[in-house]
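Index from 1, following the sequence. All values below were derived from every heavy atom in this structure, side-chain atoms included, with hydrogens, water molecules and symmetry-related copies excluded.
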Amino acid sequence: MNKAEKLVSSEAVGANIQFVEVNGTMYPVKPPTINRVAGAVACLSGLALNDGKTIRDVLNIQENAREYARALSFLIQEDYELTDELAKGTYDEVIEALDTAFGMISPRSFSIAASLTKSASALVARSCR
């Protein structure tokens, strides 16, 4: 089976979906799209975050738990409707779920997205001169 066939078949059976549990409810998490990552990161961008090597290290500030729930809602279903329900979960549940969702991004995909972002920023900068 070639790579494309494997991708289609795993998508058809949901092999790349992971489930996270928050407040006693299981939520399916698909590998994040660029839009979902951007929406989640937008929730976190105004927060004072720690330096760290893992998502858990970076997000280890408990006073931001509501914004973490908001980011998780966007990663799960690309809107903020689940925020209130997810905010009822424990801090550790929400952080673990974020870690799982962000962990579904392959290093190669992240590298490509970062490169494209850098290129787009350079184009915008040139056009503003």
Side-chain angles (χ1 to χ4, degrees):
M1 191 180 292
N2 70 30
K3 189 174 181 179
E5 290 170 326
K6 286 180 184 176
L7 180 63
V8 170
S9 63
S10 67
E11 189 69 35
V13 297
N16 57 351
I17 294 175
Q18 294 197 25
F19 289 86
V20 295
E21 183 175 0
V22 179
N23 196 31
T25 303
M26 297 296 285
Y27 297 94
V29 180
K30 296 178 183 176
T33 62
I34 291 172
N35 189 52
R36 286 180 190 226
V37 171
V41 170
C43 296
L44 305 175
S45 64
L47 303 177
L49 301 174
N50 292 328
D51 290 330
K53 292 184 179 186
T54 68
I55 295 294
R56 185 176 282 285
D57 293 341
V58 171
L59 301 178
N60 201 15
I61 303 174
Q62 292 196 17
E63 70 242 18
N64 298 325
R66 176 124 181 111
E67 288 304 308
Y68 297 159
R70 188 170 153 83
L72 181 57
S73 177
F74 207 87
L75 285 168
I76 291 171
Q77 66 179 34
E78 212 164 330
D79 63 35
Y80 303 112
E81 291 181 16
L82 292 175
T83 301
D84 290 337
E85 185 61 34
L86 294 169
K88 293 175 186 174
T90 67
Y91 169 78
D92 286 332
E93 287 175 329
V94 173
I95 295 300
E96 181 67 32
L98 280 171
D99 190 34
T100 298
F102 279 118
M104 294 174 77
I105 304 170
S106 73
R108 183 172 187 277
S109 297
F110 184 81
S111 175
I112 291 169
S115 177
L116 290 172
T117 301
K118 195 179 207 181
S119 297
S121 297
L123 287 172
V124 169
R126 279 189 225 137
S127 68
C128 292
R129 291 182 188 174

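With rounding to the nearest 0.5 angstrom, the OG1 atom of T83 is 8.0 Å from the CD atom of E67. Note that CD of E78 is 4.0 Å distant from CG of N35, once rounded to the nearest 0.5 Å. One distance of note links CG of D79 with CZ of R36; it measures 9.0 Å at 0.5 Å rounding. Summarising the geometry, atom OG1 belonging to T100 is positioned 11.5 Å from atom CD belonging to E21; distances are rounded to the nearest 0.5 Å.
In terms of heavy-atom proximity, P32 sits nearest to A101 at CG-O, 3.3 Å. In plain terms, the two heavy atoms of M104 and V29 that are nearest each other are CE-O, 3.3 Å. Annotation for I17 and F19: closest pair CG2-CE1, 4.1 Å, computed over non-hydrogen atoms.
Residues L98 and V20 share a hydrophobic cluster, clusters being chains of Ile/Leu/Val/Met/Phe/Trp/Tyr side chains in contact below 4.5 Å. Under the 4.5 Å side-chain heavy-atom criterion for grouping Ile, Leu, Val, Met, Phe, Trp and Tyr, L75 is connected to V94 within one hydrophobic cluster. Y80 and F102 are members of different hydrophobic clusters when ILVMFWY side chains are connected at heavy-atom separations under 4.5 Å. Linking Ile, Leu, Val, Met, Phe, Trp and Tyr residues whenever their side-chain heavy atoms come within less than 4.5 Å leaves F74 and V22 in two separate clusters.
A 4.5 Å side-chain heavy-atom check between L72 and L82 finds every atom pair outside the cut-off. Put simply, the side chain of E93 does not reach to within 4.5 Å of the side chain of E96, judged on heavy atoms.
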